[in-house]
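Positions are given from 1 along the sequence. Every value quoted in this text rests on a predicted model; they were computed, and no experiment measured them.
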Amino acid sequence: MTPAVLLRWAVRRSARGLAASWVGGLGYQAGLILLPWCLGRALDAGITTGDRRALLLWAGATLAVSAGLTGAELAMRWWATLAGVRTGNALLLRLAGRVLGWDAATAHRFSAGDLVVRGTRDVEQVVVWLATVPSLASGVLGFGAVLVVVAALDPLLAVVGLATVPLLIAVNLWYPRRYERANAALSAAHGARADTVEDLLSASTAVRGLGGETVLVERHHAASATVRDRTLVLARIAAAWSAHAPFVPWLATAVGVAVGGLAVLDGRFSVGGLVSFASWMMLLGRQVMMLTLRFNQLGDAWTAAGRIGAGLDAVAGLAEPPGPVPLPASGALRAEGLTVERPGRSLRLPDLTVEPGEFVAVVGGVGTGKSTLLRLLARLEDPAGGSVAYGGTDLLAAELDAVRAAVTLVPQRPLLLSGTIEDNLRLGRSAITGTDLREACRLAAILGFVESLPGGLGTEVGERGSAVSGGQLQRLALAGDLLRGARVLLLDDVTSAVDAATERRILDGLRGLGVTIVFATSRPAVAGCADRVVDLGGGLPTAAETAGELVGRG
């Protein structure tokens, strides 16, 4: 999606609010133009002639115009901000929805930090620009209106005012492309620094004591230095643009004051007219500054829209079917002829049929495709060949939401959201009761731990679950997925970080659920509990291999 297409979509979506803001902007521009005229009339009709009544009349008119101008500016800014924020939220949800539909190959094209920048800083720049569209549109009209009233005041002064237009055009053709290139480089630098911050916050504990924390800090400093340097480049361009653009009408003001002043001395022009002209030319300079700022913001939004559009254009991988077919209430989960493409190789997975309520353990060595098989069964990734069906219905023919409701996957390395244990278990589902929460925790063998905490279910889990251990993290994730009530439960080695006794309790709880379970595992206890074992190659690790793995982890 090109920047122009995305920005047009944003304007169309905000049309009503922007129209209301534009009406306020017209009133604001009218007030700015009327104020110098009222001031000139107060000088000519009141002060110069000594007419107190006329002076008070025009002073009152100036006050009334000022009050109207204040109200118009308030309306312009309120409606524009409201429209911008609403559309920004919709744009963020649109981008997030696209990201959620990506397959693994598409997701790997974007780093986490860069995606954060696209969903925060880039969206915010589009919002800021959108909120200024009405003032830009009304400001252009105001700029033209100033030239018209100056022309009506005196033809010679109109020539002085019109002489600014070619110079302003030249200034505003010279800077925009330089600004856009510098802003694109700065946006990329922000994305790179966000990645280093992500690593610094999430990985520093893991590498502490190995000397790795110094590397992470140095990487962050280098990325921050790049952001600083590119910010200064952009600032220099913006400063030069903002300074040169209003200088043109200010120069015209000086010339106009000289020309108009001579006309006043010769009796061909009034003092009030000269004051009005000077005020209008100063207003012209102010409008040029405003328009320059708006064009800067358009450049920011253009760059941001291009980055957001690249995310929206990324191949979703997991497409919704044009005519979705409903999934049956129950049935066998069947995989046939599955192949997936990986860098440098093609992986062929064995056919698999899991009957309703059956517990199947999937074993195999590293790289044999256990996790890949589960992702295909959950339709978190689509195969290069073959099919996955539930109850005879191909998952590709069903709505993604229906697939998610029927089949859920608990990954080996799950993540928790910042918040409490209860927040993570509920995930916004208000219908879940406290009894439901405790039962899910009991089945996941985590209830005792939760109840031992001073805050119970209200205990904060920290950033990405940093306040709990690996085994507790796995069990909390399992409890949360149990609450979804899915008919098929796919478990990716979720007992790898728990002791044997806890694993036994989890397996006993799972056996009593009565749902279909496919459990990818390297643990003999899980294989021994299953109704059937499917070996992808290599079987279960030997005791020596398990001991070696534990030593390596230690």
Side-chain angles (χ1 to χ4, degrees), residues 2-36 65 68-88 90-91 123-151 161-162 164-173 175-177 179-180 183 238 241-242 245-246 248-249 280-306:
T2 65
V5 171
L6 182 61
L7 295 182
R8 280 199 299 268
W9 168 85
V11 170
R12 286 196 301 269
R13 195 183 186 283
S14 311
R16 294 181 62 182
L18 295 182
S21 175
W22 182 68
V23 172
L26 291 179
Y28 177 68
Q29 294 295 329
L32 290 177
I33 294 172
L34 284 173
L35 276 178
V65 170
L69 185 135
T70 301
E73 183 176 15
L74 178 63
M76 177 182 68
R77 296 186 182 279
W78 166 257
W79 287 110
T81 301
L82 189 63
V85 170
R86 286 175 172 171
T87 299
L91 180 57
V123 170
E124 181 63 25
Q125 287 184 329
V126 172
V127 169
V128 168
W129 168 78
L130 195 59
T132 65
V133 167
S135 65
L136 174 61
S138 60
V140 171
L141 293 177
F143 180 86
V146 169
L147 295 178
V148 171
V149 297
V150 169
L162 288 173
T164 64
V165 175
L167 293 174
L168 288 173
I169 292 175
V171 168
N172 288 288
L173 286 177
Y175 285 105
R177 288 190 177 181
Y179 186 91
E180 182 181 346
N183 189 49
W241 191 1
S242 299
V248 175
W280 277 323
M281 291 305 293
M282 294 300 293
L283 172 60
L284 197 65
R286 175 180 172 179
Q287 287 175 325
V288 169
M289 290 181 66
M290 183 274 294
L291 292 175
T292 301
L293 175 62
R294 297 295 179 256
F295 285 125
N296 285 343
Q297 291 166 330
L298 173 58
D300 292 341
W302 189 272
T303 302

*Asks:* Can you sort out the partners of Leu74 under side-chain contact (heavy atoms from CB on, under 4.5 Å), two or more places apart, ordered by chain and number?
*Replies:* none
*Asks:* Could you tell me which non-hydrogen atom of Met76 sits nearest to which non-hydrogen atom of Ser135, and how far apart they are?
*Replies:*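 For Met76 and Ser135, the tightest heavy-atom pair comes out as SD-CB, 3.9 Å.
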*Asks:* Identify, with sequence neighbours excluded, every residue that meets salt bridge (charged side-chain N to carboxylate O under 4.0 Å, His left out) alongside Glu124.
*Replies:* none
*Asks:* Work out which heavy atom in Gly27 is nearest to a heavy atom in Ala72; give both atom names and the distance.
*Replies:*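 Between these two residues, the closest heavy atoms are C-CB, 3.7 Å.
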*Asks:* Please enumerate all residues that pass side-chain hydrogen bond (donor to acceptor under 3.5 Å, both in side chains) together with Thr87, with sequence neighbours excluded.
*Replies:*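 Partners of Thr87 under the side-chain hydrogen bond (donor to acceptor under 3.5 Å, both in side chains) test: Ser14.
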*Asks:* Restricting to side-chain contact (heavy atoms from CB on, under 4.5 Å), what partner residues turn up for Leu298, sequence neighbours left out?
*Replies:*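 For Leu298 the side-chain contact (heavy atoms from CB on, under 4.5 Å) partners, ignoring immediate neighbours, are Leu7, Trp129, Phe295.
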*Asks:* If you look at every heavy atom in Val127 and Gly88, which pair is closest and at what distance?
*Replies:*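 Minimum heavy-atom separation between Val127 and Gly88: CG2-CA, 3.4 Å.
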*Asks:* If every non-hydrogen atom of Pro134 is compared with every non-hydrogen atom of Ala80, which pair is closest and at what distance?
*Replies:*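 Looking at all heavy atoms of both residues, the shortest contact is CG-CB, 4.1 Å.
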*Asks:* Do Val23 and Trp79 make a side-chain contact, defined as non-hydrogen atoms from C-beta onward lying under 4.5 Å apart?
*Replies:*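 Of all side-chain heavy-atom pairs linking Trp79 with Val23, none is under 4.5 Å.
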*Asks:* Quick one: side-chain hydrogen bond (donor to acceptor under 3.5 Å, both in side chains) partners of Thr132, sequence neighbours excluded?
*Replies:*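 Residues passing side-chain hydrogen bond (donor to acceptor under 3.5 Å, both in side chains) with Thr132: none at all.
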*Asks:* Which residues pass the side-chain hydrogen bond (donor to acceptor under 3.5 Å, both in side chains) test with Ser138, not counting sequence neighbours?
*Replies:* none
*Asks:* First locate atom CG of Leu6, then atom CH2 of Trp302, and finally report the distance between them rounded to the nearest 0.5 Å.
*Replies:*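 Reported value, rounded in 0.5 Å steps: 10.0 Å.
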*Asks:* Can you name the nearest heavy-atom pair linking Gln125 to Asp300, along with the distance?
*Replies:*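 So the two residues come closest at OE1-O, 3.4 Å.
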*Asks:* Among residues at least two apart in sequence or on other chains, which ones pass side-chain contact (heavy atoms from CB on, under 4.5 Å) with Ile33?
*Replies:*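 Applying side-chain contact (heavy atoms from CB on, under 4.5 Å) to Ile33 gives Ala145, Val146, Val149, Trp280, Leu283.
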*Asks:* How many angstroms lie between atom CG of Leu130 and atom CZ of Arg13, to the nearest 0.5 angstrom?
*Replies:* 10.0 Å
*Asks:* Quick one: which residue pairs count as a salt bridge (charged side-chain N to carboxylate O under 4.0 Å, His left out) with a foot in residues 69-80, not counting sequence neighbours?
*Replies:*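 Of all non-adjacent pairs touching residues 69-80, those that pass salt bridge (charged side-chain N to carboxylate O under 4.0 Å, His left out) are Glu73-Arg77.
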*Asks:* Quick one: side-chain hydrogen bond (donor to acceptor under 3.5 Å, both in side chains) partners of Gln29, sequence neighbours excluded?
*Replies:*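 For Gln29, the residues satisfying side-chain hydrogen bond (donor to acceptor under 3.5 Å, both in side chains) (neighbours in sequence not counted) are Gln287.
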*Asks:* As a quick check of understanding, evaluate side chain to side chain contact (heavy atoms under 4.5 Å, CB included) for Trp22 and Val133, giving each step before the final call.
*Replies:* CA-CA 8 Å; Trp22 182 68; Val133 167; over 6 Å; no
*Asks:* The criterion is side-chain contact (heavy atoms from CB on, under 4.5 Å); which residues satisfy it with Leu69, sequence neighbours excluded?
*Replies:*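 Checked Leu69 against side-chain contact (heavy atoms from CB on, under 4.5 Å); matches are Tyr28, Leu32, Leu35.
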